[in-house]
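Contents: one structure, followed by commentary.
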Amino acid sequence: MEFKIGLIHGDGIGPEIVNEAQKVLDAVSERYGHTFNYSKLLLGGASIDATGYPLTEETIAEAKTCDAVLMGSIGGDAKTSPWYQLEPSRRPEAGLLAIRKALNLFANLRPAYLYNELRAACPLRDEIIGEQGFDMIIVRELTGGLYFGERETKVVDGVQTAVDSLSYNENEIRRIAKQAFEIAMKRRKKVTEVDKANVLDSSRLWRKITAEVAAEYPEVTYENMLVDNCAMQLVRDPKQFDVILTENMFGDILSDEASMVTGSIGMLSSASLNESSFGLYEPSHGSAPDIAGMNIANPIATILSAAMMLRYSLNLTKEADAIEAAVQQVLTDGYRTGDIYSDGMKKCTTSEMGDAIVGALK
Ligand code: IPM
Ligand code: MG
């Protein structure tokens, strides 16, 4: 089959890791007889350098012609990069938020899974990890809440004041809740809805609407958890979680925490989906400008994001399985980039890791 894939190389380590993912996609297309046509898209700092803006109409229009988009990472060092001298709405991150909104990518899926081979990299004690390790997915609402509320910085009675407003309507909550329950049905059938319902009205609405959706999925165990408790439970007993369903800001914070307990944020993929099968796929980590261009970054999160793209947007299940199996294989074989290296393993560069995964596919 033939597909059109948008590629956003982005900033920092983005270009190197996307190149490795493209290498893996090319190997898959060859092995399974598909044609992947690529279209390069500008976003973030790279787009600012080329056009003055972190996202242009051209990128949005071109992305809409693609079956899916694979992204590296965007952004630079806020202390040294000239991008951060621009007003906030012209900085790299604003481009990422704007493309999520423009493409209606309301469902952000962030799996956090502990590879048995990487148990040594997990900062938690063995007895906390347990025999079977842990395997959860955070389903984060991505186009509402504080990120997209009204904001204003002003002087009130001579005092500098900034306001960010947090608003959700029932439809925004219901559609993401449905996604979470559908995903739970294909997993261990448990949804933990995370909020701050002891304080926030928006959280109380989240509880009400998600409980209504839960009633449509009697097979799924449904529970509510306060976000501060969830932050604690993630390090106290991560294996209790299957699907964590939460709003935009809480999901941002909890997903970094969940990724850390897996040992390396360099291993974790993510998908941002709209109502149809279209999605933007990106590693859960950032652009790591400090190691950009050094060929030492871990490309696995991006390669696993490409696998998610094949699974969710292109409906190529066995191809996605093959990539995931190849990643598993290279870990078993001892290949490690610096971030996941431990004694006795084979230390490799970004491109060597990509080559090893391509090798394991064949
Ligand atoms: C993420 C990132 C973004 C977010 C930033 C870069 C705006 O942290 O994807 O988690 O907060 O959503
Ligand atoms: Mg984040």
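None of these values were measured; they are calculated from a predicted model. Counting starts at 1 for both ligands and their atoms, following the listed order.
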(request) Would you mind reporting whether S277 and N315 have side-chain heavy atoms less than 4.5 Å apart? (result)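 Not in contact.
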(message) Between ligand 1 and E93, is the shortest N or O to N or O distance under 3.5 Å?
(response)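 No - when backbone and side-chain N and O of E93 are compared with those of ligand 1, no distance drops under 3.5 Å.
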(message) Using a plain distance cutoff, I'd like to know if E282 has any nitrogen or oxygen under 3.5 Å from a nitrogen or oxygen of ligand 1.
(response)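 N/O-N/O distance under 3.5 Å: no.
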(request) Kindly give the atom name of the N, O or S atom of D252 closest to the Mg ion (ligand 2). (result)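 This turns out to be OD1.
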(request) Name the closest protein heavy atom to atom 11 (O) of ligand 1, giving the residue it belongs to and the distance to 0.1 Å. (result)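 Of the protein heavy atoms, Y147 OH, 2.6 Å lies nearest.
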(request) Report the nearest protein non-hydrogen atom to atom 8 (O) of ligand 1: residue, atom name, distance rounded to 0.1 Å. (result)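 Sorting protein heavy atoms by distance from atom 8 (O) of ligand 1 puts D252 OD1, 3.2 Å first.
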(request) Sort out for me which residue in L109, L105, L142 forms a side chain to side chain contact (heavy atoms under 4.5 Å, CB included) with L273. (result)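 Single pass found, and it is L109.
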(request) Using distance alone, with no hydrogens and no angle criterion, decide if E282 and S73 have a side-chain donor and acceptor under 3.5 Å apart. (result)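 Note: E282 and S73 side chains miss the donor-acceptor criterion.
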(request) Could you pull out the closest heavy-atom pair between T143 and R100, with the gap in Å? (result)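 Closest heavy-atom pair between T143 and R100: CG2-O, 3.6 Å.
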(message) Please determine whether D256 has a backbone or side-chain N, O or S atom lying under 2.8 Å from the Mg ion (ligand 2).
(response)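 No, outside the cut-off.
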Can you tell whether the side chains of [X] and [Y] come within less than 4.0 Å, N to carboxylate O?
| X | Y | answer |
| --- | --- | --- |
| E324 | R311 | yes |
| K196 | D228 | yes |
| K4 | D67 | no |

(request) Give the contacting part of R110 toward ligand 1: side chain, backbone, both or neither, where contact means a heavy-atom distance below 4.0 Å. (result)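 Under 4.0 Å from ligand 1, R110 contributes side-chain atoms alone.
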(request) Answer with side chain, backbone, both or neither: which part of H285 has a heavy atom less than 4.0 angstrom from an atom of ligand 1? (result)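 No part of H285 comes within reach of ligand 1.
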(request) Show which atoms of ligand 1 fall inside a sub-4.0 Å distance from at least one heavy-atom site of R140. (result)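 Close to R140: 1 (C), 4 (C), 9 (O), 10 (O), 11 (O), 12 (O).
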(request) Report, in ascending order of atom number, the atoms of ligand 1 lying under 4.0 Å from any heavy atom of R100. (result)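 Answer, ordered by atom number: 1 (C), 4 (C), 9 (O), 12 (O).
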